[in-house]
Amino acid sequence: MIQAIRVRSQTPRYRWRIVAGGGLLLAVVHTLLLHRLKLGDFTPDLYSVFALYLGLFASRQGRYVPCLVLGLIRDFFSIGLIGSYGVLFSLLHKAAGRARGKLDPDKLLNVFIMCLIGTFLVNFGYHGMLVISGYGIGWSRALVRCASIAAASAPVAVLVYPLAHMCLHRLGVGRAGGYWNI
Amino acid sequence: MRRTQEKLSLTWLLKHPLVATCILLALTIVLPYLRVGERLKLLTFLPLAHASGEVSETPYEELSEDERIRIDLQRERERVSELTAENSRLAQALKDKNALGDPEFAVTPLPPAVNAQVIFHGDSSSWRHSCWINRGRESGIEEGMPVVAGRTLIGRIFMVGDDHACVQLITDPGFACSCLIVDPDNADESAADRVRGVLRGDGSSMPHFPRLELEDVAVGAEVKPGMHVITNDYSGQLPLGLTIGVVRETIPQAGFLEVRIEASLDLSTLEVVQVLQHKRPELEEQALALLKKK
């Protein structure tokens with residue numbers, strides 16, 4: 001208990017380095033690597049996986065604004081409307097907070113389910129924004145694509161989240177109540 | 001309990017970033033002509049464009065012998081690469097011309113082109129398709145200009161900076177252009193008889209791409225696999241006769257015909273492209289052109 005209070009009272013560590021560095025790294029991965037793999041609609045949405053990680057495991061101060069900033073970084077590297085992913089990732093962190101109360105995110109099956117639903121919702125929301133701009137591709141086709149992206153992203157989350165936990169532990173970041181002090 | 005009144009100020013917006021982002025998003029949607037987002041993005045890509053070369057601060061005379069030789073070699077290499085690109089463009093144009101028989105659009109000269117190198121492939125969103133090139137306003141490039149490889153359409157300039165520009169690819173959901181379907185075996189077909197349709201990107205990528213779809217093709221139109229799809233200058237947005245692909249299959253739908261096209265190029269492997277200095281005519285010019293046609 002005392003240790004948990006001590007960890008919570010510590011100043012957050014590596015927050016902006018993780019968000020900015022991770023955001024830029026994912027921009028490179030998405031733009032330069034993923035499209036070369038030619039996975040079609042079955043391409044994982046790594047940004048959403050990362051935003052969900054922040055929403056599930058970051059400290060109270062490390063969720064909302066970092067998710068928003070991550071979304072804005074993604075918007076900057078896309079020709080879409082600026083702020084689209086910013087808003088969607090902010091909403092994702094809210095949804096992740098609620099889901100956390102019902103499902104234990106330290107279990108891999110729960111991570112899989114949460115990532116599947118979270119990624120689906122983000123992409124479906126993005127298509128909704130495309131529809132508002134007049135660029136929709138049709139709801140049935142969009143549903144299939146969102147499901148494909150979600151199906152590709154969920155296994156990635158199951159692999160990456162334990163690795164991320166390990167990295168943060170190695171970096172000496174404290175953890176209390178299941179939240180990393182970032 | 002008295003509630004403190006908060007004024008809408010910059011400090012308040014910084015404390016509520018979601019509201020600020022929503023305002024930014026709303027401004028981008030409601031006032032598209034301000035192009036707030038585009039301007040910010042161009043600034044983001046400026047260091048990348050500078051890093052791609054061509055920005056030499058030191059005057060040539062002040063450089064050492066070694067540096068001069070290196071720069072000369074670099075210039076020669078760029079010249080060779082430009083000439084190679086020009087050669088491949090002309091070869092492709094000749095190939096397309098031969099493939100289409102000899103109708104009037106195949107012999108129509110294209111507007112002058114600016115060679116450009118792709119510096120950044122892809123888009124961070126899996127729904128949008130774009131790339132960045134190392135030529136901008138300083139090279140005479142403007143928004144809306146068509147981007148081609150040879151005589152094959154790749155996309156159009158979406159936003160332009162001084163020495164870099166963003167290209168919206170034909171597979172992007174925001175891309176749409178008027179097209180004609182041409183039968184290469186029937187080159188004498190009159191312009192009025194050609195089937196028209198609208199090419200609209202759907203954000204799909206490989207292995208779905210290079211499969212594009214043509215919408216709004218009239219039911220009963222005679223469209224067969226193997227026919228060529230080219231751009232139409234109906235709205236003046238693009239020059240007539242840029243190749244898009246070949247018809248692969250047609251699927252009858254309620255009220256229209258869905259035409260699937262095998263695209264001529266794999267966009268993800270492009271290194272050098274050409275920007276056609278084609279300007280969309282003003283409304284009055286378009287009206288005059290239509291009157292002349294009648």
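Proteins come first, then strands; the chains are lettered A, B, ... in the order of their sequence lines, and each starts at number 1.
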- [ ] Might you work through the salt bridge (Lys or Arg N to Asp or Glu O under 4.0 Å) test for A/Arg141 and B/Asp202, ending with a clear yes or no?
- [x] CA-CA 9 Å; A/Arg141 195 181 287 183; B/Asp202 68 347; 2.8 Å; yes
Open item on the list: With a 4.5 angstrom heavy-atom cut-off, is it the side chain or the backbone of A/Tyr85 that approaches chain B, or both, or neither?
Closed with: side chain
Task: A/Leu72 portion near chain B, given a 4.5 angstrom heavy-atom threshold - done: side chain
Open item on the list: If I measure from the heavy atoms of chain B, does A/Ile149 come under 4.5 Å with its side chain, its backbone, both, or neither?
Closed with: side chain
Open item on the list: I want to check something: taking the side chain as every heavy atom from C-beta on, are A/Ser84 and A/Phe89 in contact at a cut-off of under 4.5 Å?
Closed with: no
Task: Note, B/Ile170 side chain near B/Leu153 side chain (heavy atom, < 4.5 Å) - done: yes
Open item on the list: For a 4.5 angstrom cut-off between non-hydrogen side-chain atoms, does B/Val148 reach B/Leu242?
Closed with: yes
Task: Most chain A-contacting option - heavy-atom pairs closer than 4.5 Å, from B/Gly201, B/Ser125, B/Cys166 - done: B/Ser125
TODO: Give the C-alpha distance, both sets of side-chain angles, the deciding distance and a yes or no for salt bridge (Lys or Arg N to Asp or Glu O under 4.0 Å) between A/Asp75 and B/Arg128.
DONE: CA-CA 11 Å; A/Asp75 284 323; B/Arg128 306 304 300 260; over 6 Å; no
Task: Greatest number of heavy atom pairs closer than 4.5 Å to chain B - which of A/Gly86, A/Gly80, A/Gly138, A/Ser90 - done: A/Gly80
